[in-house]
Student: 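First the structure, which I've put down as structure tokens, then a few questions once you've had a look.
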Amino acid sequence: ETGVTQTPRHLVMGMTNKKSLKCEQHLGHNAMYWYKQSAKKPLELMFVYSLEERVENNSVPSRFSPECPNSSHLFLHLHTLQPEDSALYLCASSQDSGGGTEAFFGQGTRLTVV
Amino acid sequence: GDSVTQMEGPVTLSEEAFLTINCTYTATGYPSLFWYVQYPGEGLQLLLKATKADDKGSNKGFEATYRKETTSFHLEKGSVQVSDSAVYFCALSLKIYNQGGKLIFGQGTELSVKP
């Protein structure tokens, strides 16, 4: 149990579908992240939320839309995805404190776009 | 910009062999350094960390020392086991004021340990 829970664990969707990924943490952290992990590629930071405000968007296409309604929940809304968006999507959280902070990861959602 | 570079994998070792996975970084300021491990089908787990120069992080027989002079944080283990087979990620974290820690990862190194 990592303290960060992602649902669903697996998702298959068509290119015209709309779906959402959910992330929940009960660690009392105030920063949350979405990462994309593709085969043979480094982890790509997609979005960062701190105190429920988006502080970073790493040039992610608009077909990915994050939402952070409170400090414990983070969503990634998906629509009109492409097959190359198939990947493992990882959520993480950390505590905003003095010095560099470590992140705690969920187990990820394995997304397949068909 | 800030970045992390790891040795490329895959690394294949026999059980009880000595392990080194090299990691170097580039960063403005004074980052904290981490090693994460990802077992098949799982998310990333923190393995060890060091927050300042000359600190040594250790866990489960793994060690890494924060070397500011060489900007390195190499991962070592004296005797690997089959259960250590996984992908290992080196990462740095920079404090951005009021924005949490910005975590930057290396590309990962796959380790395979054979009986």
Side-chain angles (χ1 to χ4, degrees), chain A residues 1-7 9-10 21 23 25 27-58 68 71 74 88-110, chain B residues 1-10 23 25 27-53 55 57 59 64 66 73 86-110:
Chain A
E1 177 56 52
T2 65
V4 180
T5 303
Q6 289 186 244
T7 54
R9 290 292 308 275
H10 301 272
L21 310 185
C23 177
Q25 61 94 4
L27 299 170
H29 292 165
N30 57 17
M32 296 186 77
Y33 312 80
W34 281 116
Y35 284 87
K36 177 183 178 182
Q37 187 178 30
S38 304
K40 310 297 183 186
K41 284 184 158 183
L43 276 163
E44 300 172 52
L45 178 63
M46 300 175 73
F47 300 104
V48 180
Y49 275 82
S50 179
L51 299 172
E52 299 156 44
E53 287 189 22
R54 189 191 310 182
V55 298
E56 183 145 346
N57 174 349
N58 268 1
C68 188
S71 60
L74 183 66
L88 181 68
Y89 288 84
L90 293 165
C91 173
S93 69
S94 68
Q95 181 59 38
D96 181 11
S97 60
T101 54
E102 67 207 62
F104 292 79
F105 282 80
Q107 292 185 297
T109 295
R110 174 68 62 186
Chain B
D2 306 315
S3 65
V4 175
T5 302
Q6 291 179 234
M7 65 185 283
E8 287 197 21
C23 171
Y25 68 90
T28 54
Y30 302 96
S32 294
L33 301 174
F34 306 88
W35 276 100
Y36 283 82
V37 59
Q38 185 178 32
Y39 298 103
E42 302 292 327
L44 276 68
Q45 302 174 28
L46 179 67
L47 180 60
L48 53 84
K49 67 176 183 180
T51 58
K52 62 183 187 295
D55 268 2
N59 185 25
Y66 190 142
F73 193 55
V87 181
Y88 292 81
F89 293 89
C90 185
L92 67 84
S93 177
L94 290 165
K95 178 68 170 71
I96 302 170
Y97 178 73
N98 226 21
Q99 293 181 12
K102 181 177 181 178
L103 200 60
I104 297 170
F105 286 89
Q107 72 271 34
T109 302
E110 182 180 358

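Just so it is clear, the structure is predicted and the values come from calculations on it, not from any experiment. Just so we're on the same page: letters track the sequence lines, and every chain starts at 1.
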Student: Test of understanding: with side chain to side chain contact (heavy atoms under 4.5 Å, CB included), list the residues that count as partners of B:D2, not counting sequence neighbours.
Tutor: B:A27, B:T28, B:L94, B:I104

Student: Kindly determine whether A:Q37 and B:F105 satisfy side-chain contact (heavy atoms from CB on, under 4.5 Å), including the steps that lead there.
Tutor: CA-CA 11 Å; A:Q37 187 178 30; B:F105 286 89; over 6 Å; no

Student: Partners of A:R110 by side chain to side chain donor-acceptor pair (under 3.5 Å), sequence neighbours excluded?
Tutor: none

Student: A side-chain contact here means heavy atoms from C-beta on lying under 4.5 Å apart; do A:Q107 and B:L44 qualify?
Tutor: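 In short, these two side chains do not touch, never coming nearer than 4.5 Å.
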
Student: Do B:Y36 and A:E102 come within less than 4.5 Å of each other through their side chains, counting heavy atoms only?
Tutor: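 B:Y36 vs A:E102: side chains touch.
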
Student: Given that the side chain runs from C-beta out, which part of B:Q38 has a heavy atom under 4.5 Å from chain A: side chain, backbone, both or neither?
Tutor: side chain

Student: Check B:L103 against A:A103 and note the closest heavy-atom contact, atom names and distance.
Tutor: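 In this case the closest contact between B:L103 and A:A103 is CD2-CB, 3.5 Å.
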
Student: Is the distance between the ring centroids of A:F104 and B:F34 under 6.0 Å?
Tutor: no

